[in-house]
Amino acid sequence: MTKNEYDLKIEKLISWAHEYYVNDNPLASDEEYDKLARICLAYEQENPNLSHPNSPNKRVGGFILEGFEKASHLSRMWSQEDVFNTQELEDWIKRAHKVNTNLEFFCQPKFDGASLNLIYENGLLRQAITRGDGSIGEDVTNNVKTIHSIPLQIAEKSLVEIRGEIVIKKADFEKINIERIKNNDQVFANPRNAAAGSLRQLDPAITAKRKLFFNVWGVGLNSLRSTKYSQMMDYIYSLGFVKPPMQTITSSVEGIENLYHEIIKVRDNIEMMLDGMVVKIDDIETQDELGYTVKFPRWSCAYKFPALEKTTKIKDIILQVGRTGVITPVAVVEPTDIEGVVVERASLHNFDEIARKDIRIHDEVIIIRSGDVIPKITKVFTERRNGTQVEILRPTSCPDCSSELLDEGALIKCQNLDCPSRVVNSIIYFASKNCMNIDGLGNKIVETLVNEKKIYDILDLYSLKYEDLENLDGFKEKKINNLLNAIENTKTTTLHRIINALGIEHIGEVASKQICLEFGLKVVDISFDELINLDGIGEQMANSFCEFMRVNKKLVLKLFEIINPTVEEKIEVEENNFKNKTIVLTGTMSVSRGDIKKKLELLGAKISSSVSKKTDFVIYGEDAGSKYDKAIELNVPVLTENEMNKMF
């Protein structure tokens with residue numbers, strides 16, 4: 001077979017595969033498809049350098065993996081701010097109107113699955129990464145190559161992140177569960193769990209059998225030149241990705257509401273699970289101006305479907321001890337199916353709420369679940385009580401260690417640093433990669449050290465000795481030395497990493513950096529009012545931080561004494577050409593852009609990744625590309641590297 005004959009056959013095979021797997025429209029019998037696939041495969045095996053990058057033969061799954069490697073996204077995958085009604089939607093729009101009063105909104109159905117980031121470079125699929133924590137996920141490239149709705153090759157040659165949701169169609173979900181029942185396997189609770197579980201199979205061949213489907217909803221890092229998000233998405237769909245149904249552009253709340261209720265009416269007829277609608281401001285320049293909060297883009301929100309309600313009965317109340325010692329009451333309810341999810345527990349938030357709603361064991365209640373929201377109880381049928389109901393009392397001792405609890409009303413906390421629930425989870429979090437990054441201190445090792453009473457809290461990590469570990473199962477000389485060195489290497493780390501590693505509720509890496517830069521080692525004594533004045537720190541975050549420091553001040557100060565953290569100081573910059581200027585860097589320069597970025601930031605400049613009317617300078621080198629072009633279009637001043645150096 002010649003190369004030309006192969007190309008014709010492989011294009012037909014790609015077309016057949018797309019129609020079968022993506023459009024549910026077979027153009028050939030299974031026998032015809034398999035025969036053509038074998039012919040193409042024989043040519044590919046003889047001529048591996050000439051095989052088509054998008055050949056369906058590359059999608060059958062290869063070797064079985066031992067595990068998934070961690071991988072970083074090129075740009076952060078943000079969460080969505082949820083809105084649940086018209087008033088919340090209008091409030092969100094009002095905030096956006098402060099930047100631009102003439103808004104158009106790009107609306108899409110929100111599919112309920114597992115988020116995925118695809119990285120394409122030079123037209124080829126380079127890497128596929130699960131959402132993870134938004135910055136780091138798991139590399140599932142081998143599995144993703146088995147999914148026929150994801151092109152292995154696209155026409156766009158620039159580096160681009162294409163993002164979407166991995167889902168399973170309802171009909172395919174039913175087939176999977178029927179097959180699992182035949183094999184005496186546990187059935188999946190819902191299509192979302194099935195999609196997530198299928199994506200993370202160590203054997204890609206299993207993923208290939210599950211008929212996963214990819215719905216694109218956005219892009220990450222890119223150099224595309226669209227001015228409207230909807231135009232950019234149309235271009236992405238033209239590269240071979242399936243365009244979702246019922247997308248709309250509107251300029252009014254009424255238009256958004258109309259589509260929202262239209263989707264609700266037909267959601268049962270759509271072949272994939274939906275949990276709401278995503279509303280995005282269409283103008284990309286306005287998106288850039290609005291920017292992001294600590295968690296969400298300010299230019300996008302998820303308009304969630306109304307909560308689904310069911311009646312059930314409370315069987316018991318259990319107490320959970322969180323990582324920071326907070327006691328959370330959880331209702332155990334009679335198993336209740338809510339849209340494919342069997343709910344057996346519901347959040348009660350705190351004991352003040354239990355008292356306010358007068359919730360009792362054996363009460364009949366209404367339970368709701370909306371999208372990802374934890375099921376909760378909204379109503380108690382007090383009129384149905386029959387005398388068997390039991391009042392729920394506020395606990396006075398920890399359910400795990402029996403220590404006396406600190407009761408502060410809505411918040412009840414275990415203060416005992418030796419509490420197994422608290423110490424294990426807090427040390428695991430403290431040692432994790434995004435916190436103190438103590439290599440070798442994984443979950444099982446932490447549990448072993450606590451169970452063997454080698455450590456009781458975070459501080460004890462720094463007093464561990466070789467002889468403490470040498471008699472433990474699995475601890476050899478090299479492993480012990482590596483662990484002790486990894487702990488020692490955390491000393492003098494930056495202050496914000498320690499604060500982030502403490503696991504303070506609602507306080508992540510971004511907030512930790514901001515607080516430490518502002519207050520330094522005085523973080524243990526800052527007040528609510530001081531915190532609330534920081535941009536991006538809300539009341540809930542401030543309350544959480546102050547409460548944590550009040551309870552754990554001695555521990556934190558001792559930790560500072562042991563680690564001797566590096567304190568990054570907030571420098572008051574003298575007046576200069578770049579102070580308080582928004583700057584975009586583009587192109588190749590004589591030194592790395594990272595070095596230039598640091599130098600500019602020391603002068604008080606803010607470095608942005610995109611060009612808008614608010615940009616003060618675009619500094620460019622060779623092969624500057626679209627950012628330079630946009631600066632010229634918007635009349636933003638442009639500087640060469642030499643011109644920048646003169647201004648220094």
Side-chain angles (χ1 to χ4, degrees), residues 73-83 88-110 115 117 131 134-135 156 158-165 216-237 244 247-253 255-256 259 276-303 510 535-536 582-586 606-616 618 625-631 633-636:
H73 302 295
L74 301 181
S75 62
R76 182 170 170 181
M77 290 186 77
W78 298 88
S79 300
Q80 292 285 335
E81 179 179 359
D82 290 338
V83 300
E88 291 182 3
L89 176 66
E90 289 176 343
D91 290 343
W92 176 77
I93 292 173
K94 281 178 186 176
R95 294 195 294 271
H97 274 155
K98 293 177 182 178
V99 171
N100 185 348
T101 56
N102 186 25
L103 296 176
E104 283 191 318
F105 304 98
F106 177 51
C107 305
Q108 305 166 288
K110 184 177 183 296
S115 294
N117 185 32
R131 184 187 183 282
S135 297
E156 177 59 44
S158 67
L159 181 63
V160 60
E161 291 179 299
I162 297 176
R163 291 165 171 175
E165 210 76 2
V216 178
W217 46 250
V219 296
L221 179 76
N222 73 91
S223 56
L224 305 177
R225 300 191 179 188
S226 303
T227 59
K228 302 291 184 183
Y229 204 84
S230 55
Q231 294 170 354
M232 183 162 59
M233 293 310 301
D234 282 339
Y235 174 67
I236 296 296
Y237 300 136
Q247 295 190 147
T248 294
I249 298 172
T250 181
S251 58
S252 66
V253 173
I256 296 173
L259 179 63
M277 180 177 82
V278 178
V279 183
K280 298 176 181 176
I281 291 169
D282 199 31
D283 183 67
I284 293 176
E285 185 177 324
T286 303
Q287 291 182 4
D288 292 341
E289 291 180 17
L290 283 166
Y292 302 83
T293 67
V294 172
K295 292 184 178 180
F296 314 119
R298 291 190 175 96
W299 47 267
S300 177
C301 70
Y303 196 174
V510 174
D535 186 32
T582 299
I583 296 173
V584 173
L585 302 173
T586 184
K606 177 185 176 184
I607 309 302
S608 176
S609 61
S610 56
V611 182
S612 72
K613 289 178 180 177
K614 291 189 175 181
T615 304
D616 292 297
V618 169
S626 61
K627 291 178 182 177
Y628 175 87
D629 295 339
K630 189 167 184 181
E633 179 187 330
L634 297 175
N635 293 318
V636 172

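Worth saying up front: this structure is predicted, and the values here are computed from it rather than measured. These numbers come from the heavy atoms of this one structure, side chains and all, not from hydrogens, waters or symmetry mates.
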Q: Say whether, by atom type as modelled, one donor and one acceptor occur between the side chain of Gln80 and the main chain of Val278 under 3.5 angstrom.
A: no
Q: Pair up each side-chain donor or acceptor in residues 226-233 with any protein partner under 3.5 Å, not counting sequence neighbours, and list the distances.
A:
{"from": "Tyr229", "atom 1": "OH", "to": "Val219", "atom 2": "N", "distance (Å)": "3.3"}
{"from": "Ser230", "atom 1": "OG", "to": "Asp282", "atom 2": "OD1", "distance (Å)": "3.1"}
{"from": "Ser230", "atom 1": "OG", "to": "Asp282", "atom 2": "OD2", "distance (Å)": "3.0"}

Q: Quick one: list whatever passes ring-ring contact (aromatic ring centres under 6.0 Å, His included) with Phe106, sequence neighbours left out.
A: none
Q: Would Val584 and Val636 satisfy side chain to side chain contact (heavy atoms under 4.5 Å, CB included), going step by step from the backbone distance to the final call?
A: CA-CA 10 Å; Val584 173; Val636 172; over 6 Å; no
Q: For the pair Glu104 (side chain) and Asp283 (backbone), establish whether a donor and an acceptor sit closer than 3.5 Å, ignoring hydrogens and angles.
A: no
Q: Minimum heavy-atom separation for Ala96 to Leu103, with atom names?
A: CB-CD1, 3.8 Å
Q: Quick one: does any side-chain atom of Glu285 pair with a main-chain N or O of Ser612 as donor and acceptor, under 3.5 Å?
A: no
Q: Does any N or O in the side chain of Glu156 come within less than 3.5 Å of the main-chain N or O of Ser158, such that one atom is a donor and the other an acceptor?
A: yes
Q: Over all heavy atoms of both residues, which pair between His73 and Arg163 is shortest? Give the atoms and the distance, please.
A: CB-NH2, 4.1 Å
Q: Among Arg95, Lys295, Arg298, which residue satisfies the side-chain hydrogen bond (donor to acceptor under 3.5 Å, both in side chains) criterion with Glu81?
A: Arg95
Q: What residues, two or more places apart in sequence or in another chain, satisfy side chain to side chain donor-acceptor pair (under 3.5 Å) together with Ser115?
A: Glu165
Q: Answer yes or no: is there a side-chain heavy-atom contact under 4.5 Å between Trp299 and Thr286?
A: no
Q: Knowing that exactly one of Thr615, Thr582, Val618 qualifies, which makes a side chain to side chain contact (heavy atoms under 4.5 Å, CB included) with Ser608?
A: Thr582
